[in-house]
Amino acid sequence: MTERPDARALIGAVLDPGTWRSWDGPPADPAEPGSDYAEELAAARAKSGYDESVITGEGLLDGRRVAVVVCEFSFLAGSIGVAAAERLTSAIERATAERLPLLAAPASGGTRMQEGALAFAQMVKITAAVMGHRAAGLPYVVYLRHPTTGGVLASWGSLGHVTAAEPGALIGFLGPRVFESLHGYPFPQGVQVAENLFANGLVDAVVSAEDARRIAIRALAVLCAPRQGLGQGPEPEGEVGQVDAWEAITRSRRDDRPGVRALLKLGAADVTPLNGTGAGENDPGLLLALARFGTAPAVVLGQDRRRQRAEAPLGPAGLRVARRGMRLASELGLPLVTVIDTAGAALSKAAEEGGLAGEIARSLADLVTLDAPTVCLLLGEGAGGVALALLPADRVLAAQHAWLSPLPPEGASAILYRSVDFAQEIASAQGVKSTDLRRSGIVDRIIPELPDAAYEPEEFCRRVAATLEYEITGLLGRAPADRLSARLSRYRRLGL
Ligand SMILES: CC(C)(COP(=O)(O)OP(=O)(O)OC[C@H]1O[C@@H](n2cnc3c(N)ncnc32)[C@H](O)[C@@H]1OP(=O)(O)O)[C@@H](O)C(=O)NCCC(=O)NCCSC(=O)CC(=O)O
């Protein structure tokens, strides 16, 4: 492993060369003159070449102005006392006032032990400042470095919209050395490690400092993308011929049908995959990403057909990942694209005990009331409550052979006839195909397949992306209050 950069080296690696400007004045000196702590501070300054454990300032990232706060571990373990907290808080407040995105790179032993309880309680003001910044709709991106522990991980280290971690970094709440001294045996290996946090849906990516620049540029390209004045292009072609329900269902189940992953790969730009809920859960069947369709930025949350399998069907954790995406879109005023493509949810003890039905309800609730513009794309199969959970949107688009049904047609047949043999008739009768859904007002627009998405994946994905751009730019041009009331009245009137 290459040597880990200190604070200034990290800033040098991430920002455009020569653009860094410090915001720091001389730090307050919290130590009694002549005390041991005063001596430690003086020694730390002499040894580290830093005047505190945190430095703050601004610079350009690929030409974009950003605010930056970084810990320096060689200064008293990057620990946070009153002076460091004051520096951090002031910088975050200034970033908010100047409407700058904020990049934070902690590396810390947590609360500074020499300053005790007063230092401990500083985490509250830092947290409040971060939340003030987020409440202003500004992006907060965190890069957790080796080592990040204690109150730093338990405050501003864990509040990013997007969070990456340094490879191999020790990241945990209680330091392992402290644990061992307290308990007399070592903390389990491999737990407080960046890669394990990633595996548990706690961080979005594990990236080296050299790669952090590229990743931050890509994420900010979406998070900071203009929402106004995008201009709506020409309306896409939307005529489709007759669709047969059973044929659509059969086509939608083809293994080679493009799913949300293909859509992002072939139709989107600046894709930043996010990982899990950020709170310790993940579900391979639910993909969350930042992306751009043409000029239109979006949070994309989609049911990933390739990663839902019999042994790992979509469960309540997947919907909690989806709801993270909804919160992200709402907080940053980013358009949200939901993608439905599921043969149905997990039907199991774990799913019931994990609150599947409740998560469907909360997804519906969050989505139908979301203040961000929303587009739903019915891409393939749309079976059951987990499909419905991602449906309510300002605009609902359906691929020609997509469908939506209360449960798979075989299940509907079993309910009515105690046999799966009538699936085909029931699919026709239940109005599940795209043209029926448009007639009933569930779907607004059908995206043609020529003649089947599986035969023309690239053209199809580009067609879908162009349609998403058209719909998103249209929605961004409307007043948010009008958008929301139109959405609510659309669902209020459905079926009347
Ligand atoms: C972060 C570490 C894993 C790094 O281990 P390393 O082996 O790299 O480094 P190290 O232990 O030699 O530490 C380097 C120097 O920093 C000092 N040091 C470490 N953490 C400190 C802290 N929080 N305050 C003041 N000094 C601290 C060490 O005593 C040592 O000093 P010297 O060089 O003089 O020997 C470990 O230092 C550690 O476990 N620290 C405590 C982490 C923790 O549990 N924090 C919770 C604090 S309470 C808190 O934050 C509130 C909360 O939990 O909510």
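Ligands are counted one by one from 1 in listed order, and the atoms in each one are counted from 1 as well. Since we're looking at a predicted model, the values are computed, not measured.
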Under-4.0 Å heavy-atom contact between protein and atom 30 (C) of ligand 1: no
Minimum-distance protein heavy atom relative to atom 54 (O) of ligand 1: F120 CE1, 3.4 Å
Closest to atom 11 (O) of ligand 1 among Q114, H146, R177 (heavy-atom distance): R177
Nearest-contact summary for atom 52 (C) of ligand 1 - protein heavy atom, Å: G151 N, 3.5 Å
4.0 Å heavy-atom contact, F179 with ligand 1: no
Ion pair check, E281 and R324, cut-off under 4.0 Å: no
Protein contact of atom 24 (N) of ligand 1 - nearest heavy atom, named by residue and atom, plus distance: M113 N, 3.1 Å
Under 3.5 Å side-chain donor-acceptor pair for E72 and S48: no
Identity and distance of the protein heavy atom lying nearest atom 2 (C) of ligand 1: P147 CG, 4.3 Å
Proximal candidate to atom 40 (N) of ligand 1 [heavy atom criterion; set G109, A43, S74]: G109
Atom 4 (C) of ligand 1 - nearest protein heavy atom and its distance: F73 CZ, 3.6 Å
Exercise check, heavy-atom protein proximity under 4.0 Å to atom 33 (O) of ligand 1: no
Option set L174, T111, I171, criterion heavy-atom distance to atom 49 (C) of ligand 1, minimum: T111
Any donor-acceptor N or O pair under 3.5 Å, side chains D24, T56: yes
For atom 39 (O) of ligand 1, closest protein heavy-atom neighbour: G175 CA, 3.2 Å
Within-shell test, A154 vs ligand 1, heavy atom, strictly < 4.0 Å: no
Residue selection (non-hydrogen contact nearest atom 15 (C) of ligand 1) among G150, A77, S155, G172: A77
